[in-house]
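Naming convention: chains lettered A, B, ... in sequence-line order (proteins, then strands); numbering from 1 in each chain.
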2 protein chains.
Amino acid sequence: MTNQESLDETDIKILKLLQQNSHMTVKELAARVHLSTSPTFERQKRLEREGYIKRYTAVVDHHKMGHNVIVLCNIRLKQHTHDLIQQFMDTVQSIDRITECYNTTGDYDFQIKVYAHDMKDYQDFMLNTLGNIDCIGSLHSIIVIGEIKDSHYIPVSKKR
Amino acid sequence: MTNQESLDETDIKILKLLQQNSHMTVKELAARVHLSTSPTFERQKRLEREGYIKRYTAVVDHHKMGHNVIVLCNIRLKQHTHDLIQQFMDTVQSIDRITECYNTTGDYDFQIKVYAHDMKDYQDFMLNTLGNIDCIGSLHSIIVIGEIKDSHYIPVSKKR
DNA sequence: AGTGAAACAAATTCTCT
DNA sequence: AGAGAATTTGTTTCACT
């Protein structure tokens with residue numbers, strides 16, 4: 001359900017600020033939206049309750065964790081039967097280093113984002129992990145040379 | 001600097017739990033890693049201080065915000081001069097609905113992820129926003145039919 | 001819906017082991 | 001390094017506007 005119509009400018013501001021820093025105290029948040037703590041607190045809880053805020057997370061540095069390679073891998077399935085598609089999607093969910101997966105238009109069926117320690121590690125992943133998913137027909141790996149932007153920030157301005 | 005060698009199993013566990021839910025109290029976190037609050041607190045602060053945790057964020061539901069269309073857009077630049085590349089990257093940073101941008105290998109130079117309210121909105125974005133960035137040579141838009149996975153979760157298991 | 005204070009819980013610091 | 005108590009700070013509720 002899309003009902004951002006029920007959000008006012010203050011709610012929008014709160015979503016903006018909490019995306020930038022969810023460790024901000026209610027007091028500080030209140031100051032930034034020019035309200036006192038209780039209505040600010042109540043608004044935040046409402047945004048959580050109604051699902052605008054799905055959860056809170058720590059943003060971890062992948063370089064620090066030794067993941068220096070990101071690959072955008074385009075995948076075509078062998079056949080497009082319901083069972084094969086479901087099997088592929090289930091497998092994707094279970095593999096930690098696949099952090100994103102989209103069903104796409106165009107020449108391929110899916111695009112996944114894969115984190116690897118280095119090229120050797122990605123090669124191992126392709127051969128041993130992807131290579132064992134037998135519903136996969138063909139692959140095309142696009143290597144990320146540089147991360148320009150990875151904002152984790154959903155735009156929240158009002159629809160016009 | 002990649003020194004996840006300095007992390008022990010408890011640190012790894014903390015990173016895992018805080019990615020799943022950064023609103024967990026230190027007390028609860030402590031219970032899950034079988035330590036008392038003070039060393040758990042000190043470990044969390046250390047992970048922040050040393051940059052393993054970059055920041056904390058609220059994960060916002062894009063559907064709730066009226067963004068029902070995601071597009072992976074591949075971009076080729078007209079020329080590959082330093083200035084033109086810099087200009088493109090600066091522009092990308094300034095546009096909120098472009099949430100990710102990667103410099104890539106292959107036929108195109110960049111892939112961006114774009115959020116739009118609907119197809120009409122994406123068309124407007126292509127014509128008016130991308131259309132005005134004159135360093136862009138050509139475009140290829142891949143429409144996302146379905147989101148299978150968007151975990152925002154950096155794999156944190158120990159390198160072997 | 002908002003304010004301000006009161007009650008409660010969590011974060012942070014400190015001392016000891 | 002880690003435990004546990006003491007202190008400080010933030011969260012949550014409530015009575016009032």
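- More than 12 heavy atoms of other residues, nucleotides or ligands sit less than 6.0 Å from atom CG of B:Asn132.
- Atom CD of A:Glu42 and atom C1' of D:dG10 are 17 Å apart (whole Å).
- Taking the six-membered ring where the residue is Trp, A:Tyr108 and A:His140 present parallel rings, their angle staying beneath 30° rather than reaching 60°.
- A donor and an acceptor atom, one from each side chain of B:Gln87 and B:Asp83, are nowhere located under 3.5 Å apart.
- Residues B:Lys45 and B:Glu42 are not paired through a salt bridge, judged by the lack of any N-O separation under 4.0 Å between the basic side chain and the carboxylate.
- If you take CG of B:Asp8 and P of D:dG2, they are 8 Å apart, rounded to a whole angstrom.
- Whole-Å rounding puts the B:His34 NE2 to D:dG2 P distance at 14 Å.
- Looking at heavy-atom distances under 4.0 Å, B:Ser36 makes contact with a base.
- Residue B:Lys45 contributes atom NZ, which lies 9 Å from atom P of C:dT13 at whole-angstrom precision.
- Contact check, B:Lys27 against C:dA9: no side-chain N or O comes under 4.0 Å of OP1 or OP2.
- In this entry the distance linking CD of B:Gln44 with C1' of D:dG2 reads 17 Å, nearest Å.
- OP1 or OP2 of D:dA1 has not a single side-chain nitrogen or oxygen of B:Arg46 nearer than 4.0 Å.
- A:Glu48 places its CD atom 8 Å from the P atom of D:dT12, with the value rounded to the nearest Å.
- In the set D:dT11, D:dG2, C:dT3, the nucleotide with an atom closest to the side chain of A:Leu35 is C:dT3.
- In this structure, B:Glu28 atom CD and C:dA10 atom P are separated by 9 Å, rounded to whole Å.
- In this structure, B:Arg43 does not reach the D:dA1 phosphate: none of its side-chain N or O atoms is under 4.0 Å from OP1 or OP2.
- Rounded to an integer number of Å, the gap from A:Phe41 CZ to D:dT12 P is 4 Å.
- A donor N or O paired with an acceptor N or O is found under 3.5 Å between the base of C:dG4 and the side-chain atoms of A:Ser38.
- Between B:Glu147 and B:His63, the side chains place no donor N or O within less than 3.5 Å of an acceptor N or O (distance only, hydrogens not considered).
- Residue B:Pro39 has its side chain nearest to D:dG2 when only D:dG2, D:dT11, C:dG2 are considered.
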